[in-house]
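What follows is a single structure, written as structure tokens, with notes after it.
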Amino acid sequence: MALLEVSNIQKSFGDTEVLRDISFSMEQGQALSIIGSSGSGKTTLLRCLNFLEKPDRGRIQIRDEILFDGENRKKASEEEIRKKRLHFGLVFQSFNLFPQYTALENIMLAPKLDAQAHHRADNGEIEARARKLLEQMGLSNRSDNYPHQLSGGQQQRVAIARALALQPDILCFDEPTSALDPELTGEVLRVIRELADSHTTMIIVTHEMKFAHDVADQVIFMDNGIILEKGTPEDVFEHPAHERTKQFLAGYSNPQ
């Protein structure tokens, strides 16, 4: 059974149809890169998976748990949505760290709230895991720094650690390097590559074509709200079937 099954997702904002019949699946441990022009629906798709937006139709399933079924008109409670959201960790373009908290506190916040909600708070264990994640991100010596004391690349690595802290089934990245100077992009991509090498299940929306080619097991090319092409990196980048895919990739240097 696939870890994630997305079937026939549709989403409109007013009269604008942003997602049209989106379907794909992925296995545990896979990395999926989603590429496409700005406005093609990539970010909206991630927001639907993370329940920051509600799809109009379709179905989202993790293993044997149905997270969203457009045929079910029953309104989910905030608690139910929060539980569904825990399956996905989301790393935003602009970090979204809490400025009043240190790097360590940013990572610990969500696990502490979750533990308190379930009456099983163990701050020592939560802190130990947060420090281990900082070490994994190469930031052991930055635990007491506030976001304004960190570079953009360091802030994004803290944001990755924060997304991993609740041990989600799937880690999602929305253009994780778009807010970074080119010289800082490499350090974030290196961390994501290491996560891929350790078989962390990931969905990565990116404009970094070489990175998308090298790190992914699957690639999806979105255009005008639909999945126009999907397959292995070799299929999509080296043998695209659609003229629109060829036009898009022509705007980038050869990803090989």
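- Residue E17 holds its CD atom at 10.5 Å from CD1 of I226, rounded to the nearest 0.5 Å.
- Look at D169 and R63 and you find a salt bridge, because one of the NZ, NE, NH1 or NH2 atoms lies within 4.0 Å of a carboxylate O, short of that distance.
- With a 6.0 Å cutoff to the six-membered ring centre and a 45° limit on the axis angle, K11 counts as a cation-pi contact of F13.
- Residue E71 qualifies as open at atom CD: its count of foreign heavy atoms under 6.0 Å is 12 or below.
- When the side chains of ILVMFWY residues are joined at heavy-atom separations under 4.5 Å, either directly or via intervening members, F92 and F88 end up in a single hydrophobic cluster.
- Here the NZ atom belonging to K112 is positioned 4.5 Å from the CE atom belonging to M108, to the nearest 0.5 angstrom.
- Comment: D214 engages K210 in a salt bridge, judged by a side-chain N to carboxylate O separation of less than 4.0 angstrom.
- Scanning both residues, I107 and R162, for their nearest heavy atoms gives CG1-N, 4.0 Å.
- Side chains of E135 and S143 form no contact here, defined as non-hydrogen atoms less than 4.5 Å apart.
- At distances below 3.5 Å, not a single donor-acceptor pair connects side-chain atoms of K84 with backbone N or O atoms of I66.
- Side-chain atoms of D197 never come within 3.5 Å of backbone atoms of E194 as a donor-acceptor pair (strictly under, hydrogens ignored).
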Could you walk me through whether V188 and Q156 pass side chain to side chain contact (heavy atoms under 4.5 Å, CB included), step by step?
-> CA-CA 7 Å; V188 172; Q156 191 61 297; 3.9 Å; yes
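- Hydrophobic cluster membership is shared by M26 and L46, with clusters built from Ile, Leu, Val, Met, Phe, Trp and Tyr side chains linked at under 4.5 angstrom.
- A donor-acceptor contact under 3.5 angstrom links the side chains of T245 and E229, judged on distance only.
- Although no hydrogens or angles enter the test, the distance criterion places a donor-acceptor pair under 3.5 Å between the side chain of T201 and the main chain of G29.
- Across every non-hydrogen atom of L104 and A130, the tightest pair is CD1-CB, 3.6 Å.
- The backbone N or O of L180 sits nowhere less than 3.5 Å from a side-chain atom of T177 that would complete a donor-acceptor pair.
- The local environment of CD in E80 is crowded, with over 12 non-hydrogen atoms from other residues, nucleotides or ligands closer than 6.0 Å.
- Remark: K132 NZ to L164 CG distance equals 12.0 Å, nearest 0.5 Å.
- Under the 3.5 Å distance criterion, the side-chain polar atoms of Q154 are matched with a main-chain donor or acceptor of S151.
- Taking each heavy atom of L133 and A165 in turn, the nearest pair found is CD1-CA, 3.7 Å.
- For S40 and D223, the side-chain atoms include no donor-acceptor pair closer than 3.5 Å.
- The neighbour count for H199 NE2, taken as heavy atoms of other residues, nucleotides or ligands under 6.0 Å away, does not exceed 12.
- Checked against the 6.0 Å centroid threshold, Y101 and Y146 do not count as a close aromatic pair.
- With hydrogens and angles disregarded, no donor-acceptor distance shorter than 3.5 Å links the side chain of K246 to the backbone of A241.
- Salt bridge E127/R131: present, at least one basic N to carboxylate O contact under 4.0 Å.
- A side-chain N or O of H87 and one of E65 form a donor-acceptor pair less than 3.5 Å apart.
- Screening L4, I220, L90, L45 for a side chain to side chain contact (heavy atoms under 4.5 Å, CB included) with I203, the sole residue that qualifies is L4.
- Remark: the R59 side chain and the Q61 side chain contain an N/O donor-acceptor pair separated by less than 3.5 Å.
- Counting only heavy atoms from C-beta outward, the side chains of I170 and L3 approach each other to under 4.5 Å.
- Under the 4.5 Å side-chain criterion, counting only non-hydrogen atoms from C-beta, E208 is in contact with T185.
- For the residue pair F221 and G36, the shortest heavy atom distance occurs at CE1-CA, 3.7 Å.
- Rounded to the nearest 0.5 Å, atoms CD (Q167) and OG1 (T200) are 11.0 Å apart.
- Contact of the F173 side chain with the I34 side chain is not registered, since no non-hydrogen atoms from C-beta on lie closer than 4.5 Å.
- Using a 3.5 Å distance cut-off with no hydrogens or angles, the side chains of H213 and E238 do pair a donor with an acceptor.
- A heavy-atom distance below 4.5 Å is not found between the side chains of D21 and I9.
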Test L228 against F248 for side chain to side chain contact (heavy atoms under 4.5 Å, CB included), laying out the working first.
-> CA-CA 12 Å; L228 193 61; F248 174 79; over 6 Å; no
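- Put simply, the residue from K42, H207, R244 that forms a side chain to side chain donor-acceptor pair (under 3.5 Å) with S37 is R244.
- Counted by atom type alone, E234 and H239 present zero donor-acceptor pairs between their side chains at under 3.5 Å.
- Two residues are said to be in side-chain contact when any heavy atoms from C-beta on lie closer than 4.5 Å; K230 and V236 fail this criterion.
- When only modelled atom types and interatomic distance are considered, R142 and Q155 share no side-chain donor-acceptor pair under 3.5 Å.
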Kindly indicate, with the supporting measurements, whether the criterion side chain to side chain contact (heavy atoms under 4.5 Å, CB included) is fulfilled by V91 and C172.
-> CA-CA 6 Å; V91 180; C172 301; over 6 Å; no
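- With a 4.5 Å cut-off on side-chain heavy atoms, S25 and V6 do not count as touching.
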Could you give me the CA-CA distance, side-chain angles and deciding distance for D114 and R82, then say whether salt bridge (Lys or Arg N to Asp or Glu O under 4.0 Å) is met?
-> CA-CA 10 Å; D114 184 63; R82 192 188 69 80; 3.4 Å; yes
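- Between the CG atom of L113 and the CD1 atom of I126 there is a distance of 9.0 Å, given to the nearest 0.5 Å.
- Between the N106 side chain and the F98 main chain, a donor and an acceptor come within less than 3.5 Å of each other.
- L49 is not listed as a side-chain neighbour of L67, based on a closest heavy-atom distance of 4.5 Å or more.
- The structure places CD1 of I35 at 4.0 Å from CZ of F237, a figure rounded to the nearest 0.5 Å.
- I204 and F24 are members of different hydrophobic clusters when ILVMFWY side chains are connected at heavy-atom separations under 4.5 Å.
- Note: the hydrophobic cluster containing F68 also contains I22 (ILVMFWY, side chain heavy atoms under 4.5 Å, direct or indirect links).
- Checking S94 against N96 by side-chain atom types alone, a donor-acceptor pair falls below 3.5 Å.
- Under the 3.5 Å distance criterion, the side-chain polar atoms of E105 are matched with a main-chain donor or acceptor of T102.
- No donor-acceptor pair closer than 3.5 Å links the side chain of S12 to the backbone N or O of G14.
- With R20 contributing its side chain and N224 its backbone, the two residues share a donor-acceptor pair below 3.5 Å.
- Of all non-hydrogen atoms in G152 and L184, the two that sit nearest each other are N-CD1, 4.0 Å.
- Shortest non-hydrogen contact noted between P111 and L166 is CA-CD2, 3.7 Å.
- Ion pairing of E187 with R190 is absent here, as no side-chain N (NZ or NE/NH1/NH2) approaches a carboxylate O to less than 4.0 Å.
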Report the C-alpha distance between M202 and L195 in whole Å, list the side-chain angles of each, state the deciding distance to 0.1 Å, and finish with yes or no for side chain to side chain contact (heavy atoms under 4.5 Å, CB included).
-> CA-CA 9 Å; M202 296 186 291; L195 290 170; 3.9 Å; yes
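- Hydrophobic clustering (ILVMFWY, side-chain heavy atoms < 4.5 Å, transitive): I60 and L52 are in one cluster.
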